[in-house]
Enquirer: 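If you scroll down you'll find the structure; I have some questions about it.
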Amino acid sequence: MEERINKIIEACKREKCKNPIVIFNNIAHNEYVRIHGPEHHILDGAALLTAFYNAGGKIDLQESLDELTKRGVQMPGATCGMWGVCGAVSSMGAALAIIDGTGPLSSDASWGKHMEFTSKALHSLSQTGGPRCCKRDAYLSFQNAIEHINENYDVKLESSVIECDFSKDNAQCISFKCPFYKKTKKKVAFICVHNSCRSQIAEALGRHLASDVFESFSAGTETKPQINQDAVRIMKELYGIDMEQTQYSKKIADIPNPDMAISMGCNVGCPFIERGFDDDWGLVDPSGKSDEEFKKVICEIERRIIRLKEELM
């Protein structure tokens, strides 16, 4: 652990940026910083101190980093789950206390201001929820710390849009629930023979209910001149969606190569798409049947779209 901390401190002293998020990312991508670990109790506050100094803050950077290290190593790991206080927030709270020379007997405004910062930062973490992620918790804390410093000190820290590059290494990543998750959406294709009824309904409901998680397409091995008019009418009635405004009957070659291909139902013969299907929803074709039968199929498609969205989140 001592070696990790020494490398973090030396890396901070080489940084010239006024953006603590950039400083954090530059250092956190090194092999001596684990995806989770108590080294964040030093790294997070050190990145904030370094950015503050680079922005013109009146501190001795070496002395400040040394003091932060002394305080950071006193924080045990897993404080977020075991103590209800995140180490990232505490590390940045320690950095603010070092900047202001605040202690437990301080009577000036800094004592309360630091409590204001930590309470706001912890509230941000609480809104996202667990399990813990040392990168996500650091990012949320930095957002609050940058705002706090820019409002209360004669320096201006820089900020940036955050997109996490650590997700693939985090077995507990909450993906789309995280505000910093890189939202690379999967392409989902709904396939039936004529692409005129069930698959068109699935595409429309996918766009309507799950566009924040996956992209929806539909296609068939054959086409029809128009989408099933009963489907068009009932979808307007139920959801206010006019499928004819944005959709049309098309072949598989006319859509992007999908990450997932879902058959609407092979009871009328599975279409050939030159790859295996990821799922077969086994839906009965309601064409030519009553509105009640149409609505049953539409309701089932909605249920499956919602379930698919939850699975891909």
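None of the values given here were measured: they were computed from a predicted structure. Every heavy atom of this structure was used, including side-chain atoms; hydrogens, water molecules and symmetry mates were not.
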Enquirer: Report, one line per pair, each donor and acceptor closer than 3.5 Å where one atom sits in a side chain of residues 93-103; sequence neighbours left out.
Expert:
unit_1	atom_1	unit_2	atom_2	d
D100	OD1	Y153	OH	3.4
D100	OD2	H114	NE2	2.8
D100	OD2	Y153	OH	2.6
T102	OG1	S110	OG	2.7

Enquirer: Q200 and E244: side-chain donor and acceptor closer than 3.5 Å?
Expert: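 There is no such pair between these side chains.
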Enquirer: Indicate whether the side chain of D285 and that of S287 have a donor and an acceptor atom separated by less than 3.5 Å.
Expert: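 Yes, side-chain donor-acceptor contact under 3.5 Å.
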Enquirer: When you compare the side chain of K186 with that of L312, does any pair of heavy atoms fall below 4.5 Å?
Expert: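 With C-beta onward as the side chain, the pair touches.
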Enquirer: Over 60° means perpendicular and under 30° means parallel, so tell me whether F117 and H148 are parallel, tilted or perpendicular.
Expert: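 It falls in the tilted class, 30° to 60°.
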Enquirer: Could you tell me whether the side chains of N144 and S124 share a donor-acceptor contact shorter than 3.5 Å?
Expert: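 Yes, a side-chain donor-acceptor pair sits under 3.5 Å.
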Enquirer: Restricting to non-hydrogen atoms, name the atom on F190 and the atom on A202 that form the minimum distance, rounded to 0.1 Å.
Expert: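 Shortest heavy-atom separation between F190 and A202 comes out as CG-CB, 3.5 Å.
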Enquirer: Is the ring pair F180/Y139 parallel, tilted or perpendicular, if the boundaries are 30 and 60 degrees?
Expert: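 Taking Y139 first and then F180, their aromatic rings stand perpendicular (interplane angle over 60°).
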Enquirer: Check K289 with D230, please: is the shortest side-chain N to carboxylate O separation under 4.0 Å?
Expert: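 Not counted as a salt bridge, because no side-chain N and carboxylate O are separated by less than 4.0 Å.
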Enquirer: Taking only distance into account, with no hydrogens and no angle test, what donor-acceptor pairs under 3.5 Å do side-chain atoms of residues 292-299 form with protein atoms, sequence neighbours excluded?
Expert:
unit_1	atom_1	unit_2	atom_2	d
K295	NZ	E237	OE2	3.0

Enquirer: Verify the distance criterion only: is there a donor paired with an acceptor across the side chains of S218 and N195 at less than 3.5 Å?
Expert: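 Judged by distance alone, the side chains do pair up.
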Enquirer: Can you confirm whether K7 sits close enough to V33 that some side-chain heavy atom of one is under 4.5 Å from a side-chain heavy atom of the other?
Expert: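 Side chain of K7 against side chain of V33, heavy atoms only: no contact under 4.5 Å found.
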Enquirer: Between N152 and K113, is there a side-chain donor-acceptor contact under 3.5 Å, judged purely by atom types and distance?
Expert: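 There is such a pair (donor and acceptor under 3.5 Å, judged by atom type) between the side chains of K113 and N152.
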Enquirer: In terms of the angle between their ring planes, are Y239 and H208 parallel, tilted or perpendicular, with boundaries placed at 30° and 60°?
Expert: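 Correct class here is perpendicular.
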